[in-house]
Amino acid sequence: MRVKLGLVLLCVILITACSSANPTKDMGELYSLALDAYMPIDEGLNEGMQYIAIDMSNFKDVAVADKKQILTNFEKYNVKVMEATYEQLREDGLYDHQTMVLTGVLLRVEKTEISTNKMVVEGSKFRAADEATGTKVIVGYKNGKWQVSKEEGIWKS
């Protein structure tokens, strides 16, 4: 009888622990939400864009599947979407050498802070040295799902 009671108690403890566990962090979803929030900030940078490039070199805890999920998310803008750095874009000829402007938009992440229920991403949306906006996006876990709770431009060139 004691063994059965002990097993029942153990099961109750495990079920309770699992139900109050931290929210799952799907990094592809989290970065997609954060980067998507960059797009309406300084919408003038989006005009005439031929592509969206995402520099993922500073992303935290991102697997290959997460990267694919992020890139697929941006296909909704109906332009070419790629993972690339500024240097790669210039080498690939996706930069107008006369105007010194990218022919698309480059989204970058400089800093990411992740906690149990929140992710803060600071980065930039870039076209040229004088056409860029620094961004800060907060993605929070609320009402059972991840969602952007704040997005703002923090500097402009």
Side-chain angles (χ1 to χ4, degrees), residues 16-96 99-157:
T16 305
C18 290
S19 66
S20 63
N22 296 332
T24 302
K25 290 184 183 89
D26 175 343
M27 297 310 290
E29 175 190 14
L30 291 174
Y31 275 110
S32 291
L33 286 166
L35 291 168
D36 206 28
Y38 283 28
M39 296 305 290
I41 298 172
D42 196 356
E43 287 188 286
L45 297 177
N46 302 353
E47 289 184 30
M49 69 179 173
Q50 297 173 13
Y51 60 84
I52 297 172
I54 303 171
D55 181 348
M56 298 188 195
S57 56
N58 289 328
F59 284 20
K60 289 184 177 181
D61 304 321
V62 176
V64 173
D66 296 319
K67 289 182 177 186
K68 182 176 167 99
Q69 179 182 359
I70 295 163
L71 295 172
T72 300
N73 175 65
F74 279 85
E75 290 175 357
K76 65 187 169 197
Y77 291 97
N78 298 316
V79 294
K80 183 177 179 179
V81 181
M82 68 192 90
E83 177 183 0
T85 64
Y86 175 73
E87 294 77 19
Q88 290 168 327
L89 295 171
R90 287 191 62 161
E91 288 172 13
D92 292 344
L94 298 170
Y95 172 85
D96 186 322
T99 62
M100 297 172 40
V101 176
L102 292 176
T103 55
V105 173
L106 173 62
L107 307 179
R108 294 190 251 193
V109 170
E110 277 88 37
K111 181 179 171 186
T112 303
E113 295 175 11
I114 303 170
S115 64
T116 304
N117 294 316
K118 182 169 78 170
M119 180 168 110
V120 180
V121 176
E122 291 184 28
S124 61
K125 182 165 102 173
F126 182 90
R127 287 285 297 256
D130 62 348
E131 294 182 36
T133 301
T135 59
K136 180 177 182 177
V137 177
I138 299 172
V139 178
Y141 191 77
K142 187 175 179 183
N143 299 326
K145 68 179 187 172
W146 290 99
Q147 53 194 330
V148 174
S149 58
K150 183 177 182 181
E151 71 276 335
E152 65 182 332
I154 53 177
W155 57 262
K156 187 173 183 169
S157 66

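Scope of the values below: all heavy atoms of this structure, side chains included, with no hydrogens, waters or symmetry mates. In this chain, numbering begins with 1 at the start of the sequence shown.
- Side-chain atoms of Asn58 come within 3.5 Å of backbone N or O of Val109 as a donor-acceptor pair.
- Side chain of Arg127 to backbone of Gly104: a donor-acceptor contact under 3.5 angstrom is found.
- The two residues Met119 and Met27 come nearest to each other via the heavy atoms SD-CE, 4.1 Å.
- A heavy-atom distance below 4.5 Å is found between the side chains of Phe59 and Ile70.
- With sequence neighbours excluded, no residue forms a side-chain hydrogen bond (donor to acceptor under 3.5 Å, both in side chains) with Ser115.
- The shortest heavy-atom contact between Ala129 and Ser157 is O-OG, 2.8 Å.
- Met82 is listed as a side-chain neighbour of Leu89, based on a closest heavy-atom distance under 4.5 Å.
- Ser124 and Trp155 make their closest contact through CB-CZ2, 4.0 Å (heavy atoms, listed as atom of the first residue, atom of the second, distance).
- Checked against side-chain hydrogen bond (donor to acceptor under 3.5 Å, both in side chains), Lys67 has the following partners two or more places apart in sequence or in another chain: Glu83.
- Expressed to the nearest 0.5 Å, how far CD of Glu152 lies from CD1 of Ile138 amounts to 7.0 Å.
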Item to check | Working for side-chain contact (heavy atoms from CB on, under 4.5 Å), residues Trp146 and Asp26 | outcome: CA-CA 9 Å; Trp146 290 99; Asp26 175 343; over 6 Å; no
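- Taking all atoms of both residues into account, the shortest heavy-atom contact from Thr103 to Asp96 is CG2-N, 4.4 Å.
- Scanning for salt bridge (Lys or Arg N to Asp or Glu O under 4.0 Å) contacts around Asp36 gives Lys76, with sequence neighbours left out.
- At least one donor-acceptor pair under 3.5 Å links the side chain of Lys125 to the backbone N or O of Met39.
- Residues Asp66 and Tyr31 are not in side-chain contact: their nearest non-hydrogen atoms beyond the backbone lie 4.5 Å or more apart.
- Sequence neighbours left out, not one pair with a member in residues 130-142 passes salt bridge (Lys or Arg N to Asp or Glu O under 4.0 Å).
- With sequence neighbours excluded, no residue forms a side-chain hydrogen bond (donor to acceptor under 3.5 Å, both in side chains) with Lys150.
- Using a 4.5 Å heavy-atom cutoff, the side chains of Leu71 and Met56 are in contact.
- Shortest non-hydrogen contact noted between Phe126 and Ala132 is CD1-CB, 3.7 Å.
- Residues passing the side-chain hydrogen bond (donor to acceptor under 3.5 Å, both in side chains) test with Thr133, sequence neighbours excluded: Asp42.
- Although no hydrogens or angles enter the test, the distance criterion places no donor-acceptor pair under 3.5 Å between the side chain of Asp55 and the main chain of Tyr86.
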